[in-house]
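Below you'll find the structure, written out as structure tokens, and then a few comments.
Please read these numbers as outputs of a predicted model, since none were measured by experiment. A, B, ... follow the sequence lines: proteins, then strands. Residue 1 opens every chain. Computed from heavy atoms alone, side chains included, the values below leave out hydrogens, waters and symmetry copies.
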There are 2 protein chains.
Amino acid sequence: MPDQPTPTNPALEQAKAQFIQLWGASSANWGISRSLAQMHALLLVSPAALSTEELMAQLQISRGNASMTVRELMDWGLVYKELKPGERREYFVAEKDMLQVTRCIIRERKRRELDAMKRSLAQLAALPGDPADPEYREFHRVLGDIQQLTDSADSVLSGVMKAEKNWLIDKFLRMFL
Amino acid sequence: MPDQPTPTNPALEQAKAQFIQLWGASSANWGISRSLAQMHALLLVSPAALSTEELMAQLQISRGNASMTVRELMDWGLVYKELKPGERREYFVAEKDMLQVTRCIIRERKRRELDAMKRSLAQLAALPGDPADPEYREFHRVLGDIQQLTDSADSVLSGVMKAEKNWLIDKFLRMFL
DNA sequence: CACAAGTTTCAATAATTATTGAAACTTTTG
DNA sequence: CAAAAGTTTCAATAATTATTGAAACTTGTG
């Protein structure tokens, strides 16, 4: 059973820790748990696959938390299990291609949030009412405007998901700069 | 002091309540408080300006909460104060143009999150190290890739903020469909 | 200028959400 | 198949975040 073969460059370790910190701090803005964000950051900057033990140690979290969090990352498609031959223990690697990472996140959030929202809005908009009533008209106008917005968002996100590596950035830069 | 002049259509009121509910429920996904989302929804679907009292009553929240939440909405630029002549009380109206609303939200979130993130990433990337060390190389590659992503996001968001009413939707639809 | 009407603040508290840890479960191995 | 190694689950608890409500403050009024 070989120990960490890392030369443990202290400055680098500190920079990584800062990065994990930074990623963890912005978790609150995106409605995900701190552990999830931190574990993702850790796996992103680790060249080698990490075991549950290592995740627990590096992030200072419990086994239970590590187990649930790594599974959630796999659900998002952001992390893969890696079985080493002759090893009982499971190891985990992050998807490293950031375009792919972006696609995963967009796909999941679109499915969980945007699609659900669109369904609910459609249901609300189907409600009949007196078109002479200003309250009713206002309500329907707002609903319609929001639906336009969600539809646009849907188009954009679907487009991004299908996009090729450079196509996307090229188009965007051409479009906005 | 005139009472509510509303004919209070019960079906409509229920639909509005559902909308407020829906909006409030998705607050968790975006890192904002439920009160903030609900109050925004309420003001969006109200044709008339509402007083603090009315906000409190409709959302069933305390005066303190109402006061802080309405202020936060004004900080975002999503709600305006409306002073009625001869009235002491303050009234509040939402920005109703959804493109404008989108711009406000993008502007603020970009400022608070993206810009801050870019600064931190740049700082981390400036860290010197041994280019032969694979750990160091991996770390720098990830940082670089993320910076590319944040830069693209920046371009896109800046573009959206400047966009004209139909220009945006047209372009997007043309681009992605 | 004293009072009334309205607004803001913020420490205390409630509600929510994340995390732990131990027990149950699963899989591998001698 | 018993023990060992590893993983998952979930009720209990900790940590965090949102909300309340009462006191302080501000502004307009007779």
Side-chain angles (χ1 to χ4, degrees), chain A residues 1-2 20-21 23-43 49-76 79-93 112-113, chain B residues 1-2 20-21 23-43 49-76 79-93 112-113:
Chain A
M1 201 174 280
I20 291 167
Q21 220 26 46
W23 220 237
S26 40
S27 66
N29 298 324
W30 295 95
I32 62 174
S33 82
R34 175 148 11 105
S35 299
L36 191 78
Q38 288 187 332
M39 188 179 288
H40 189 210
L42 171 57
L43 286 168
L50 299 180
S51 67
T52 305
E53 305 288 337
E54 288 166 317
L55 293 172
M56 287 167 61
Q58 298 238 8
L59 300 176
Q60 302 263 64
I61 60 177
S62 71
R63 185 174 300 283
N65 188 359
S67 169
M68 300 192 94
T69 301
V70 82
R71 183 140 62 83
E72 200 176 343
L73 281 172
M74 290 197 298
D75 289 346
W76 280 80
V79 163
Y80 313 116
K81 203 176 272 195
E82 193 174 285
L83 272 297
K84 299 197 175 181
E87 276 261 20
R88 175 80 181 281
R89 196 174 302 192
E90 296 176 326
Y91 288 80
F92 304 94
V93 231
R112 298 183 196 185
E113 294 160 42
Chain B
M1 200 173 284
I20 291 166
Q21 214 34 38
W23 220 236
S26 40
S27 66
N29 298 324
W30 295 95
I32 62 175
S33 82
R34 178 152 3 109
S35 299
L36 190 78
Q38 287 186 333
M39 188 180 288
H40 189 211
L42 171 57
L43 286 168
L50 300 180
S51 67
T52 305
E53 306 288 339
E54 288 166 314
L55 293 173
M56 286 166 62
Q58 298 236 12
L59 300 177
Q60 303 263 67
I61 59 177
S62 70
R63 183 173 300 284
N65 189 358
S67 169
M68 300 193 95
T69 300
V70 83
R71 185 140 58 84
E72 198 175 344
L73 281 172
M74 290 198 297
D75 288 346
W76 280 80
V79 163
Y80 313 115
K81 202 176 273 195
E82 194 172 285
L83 274 295
K84 299 197 175 180
E87 277 263 18
R88 175 81 180 280
R89 195 173 306 196
E90 296 175 325
Y91 288 80
F92 304 93
V93 232
R112 297 182 196 186
E113 294 160 41

Base versus backbone protein contacts along nucleotides 18-26 of chain D [heavy-atom cut-off under 4.0 Å; B, S, -]: SSBB-----
Any residue meeting salt bridge (charged side-chain N to carboxylate O under 4.0 Å, His left out) with A:R63, in chain and number order, not counting sequence neighbours: A:E53
Position toward the 5' end of DNA chain D (nearest nucleotide), A:A28 or A:E53: A:E53
Whole-Å distance separating the CG atom of A:L55 from the P atom of D:dT8: 12 Å
Side-chain donor-acceptor pairs of residues 35-43 of chain B under 3.5 Å, sequence neighbours excluded:
from	atom 1	to	atom 2	distance (Å)
B:S35	OG	B:N65	ND2	3.0

ring-ring contact (aromatic ring centres under 6.0 Å, His included) against B:W76, all qualifying residues, sequence neighbours excluded: none
Spacing between A:E90 atom CD and C:dC25 atom C1', to the nearest angstrom: 14 Å
Non-neighbouring partners of A:R112 that pass salt bridge (charged side-chain N to carboxylate O under 4.0 Å, His left out), sequence neighbours left out: A:E108
Integer-rounded Å distance: D:dA5 P and A:L83 CG: 18 Å
A:Y91 and A:R89: CA distance, side-chain angles, deciding distance, side-chain contact (heavy atoms from CB on, under 4.5 Å) verdict: CA-CA 7 Å; A:Y91 288 80; A:R89 196 174 302 192; 4.1 Å; yes
Partner residues of B:K84 under the salt bridge (charged side-chain N to carboxylate O under 4.0 Å, His left out) criterion, sequence neighbours left out: none
Distance, rounded to the nearest Å, where A:E72 contributes CD and C:dT17 contributes P: 14 Å
Between C:dT8 (C1') and B:R71 (CZ): distance, integer Å: 7 Å
Phosphate contact (C:dT7 OP1 or OP2) by B:S67 side-chain N/O below 4.0 Å: no
Spacing of B:R89 atom CZ relative to C:dT8 atom P, expressed in whole Å: 14 Å
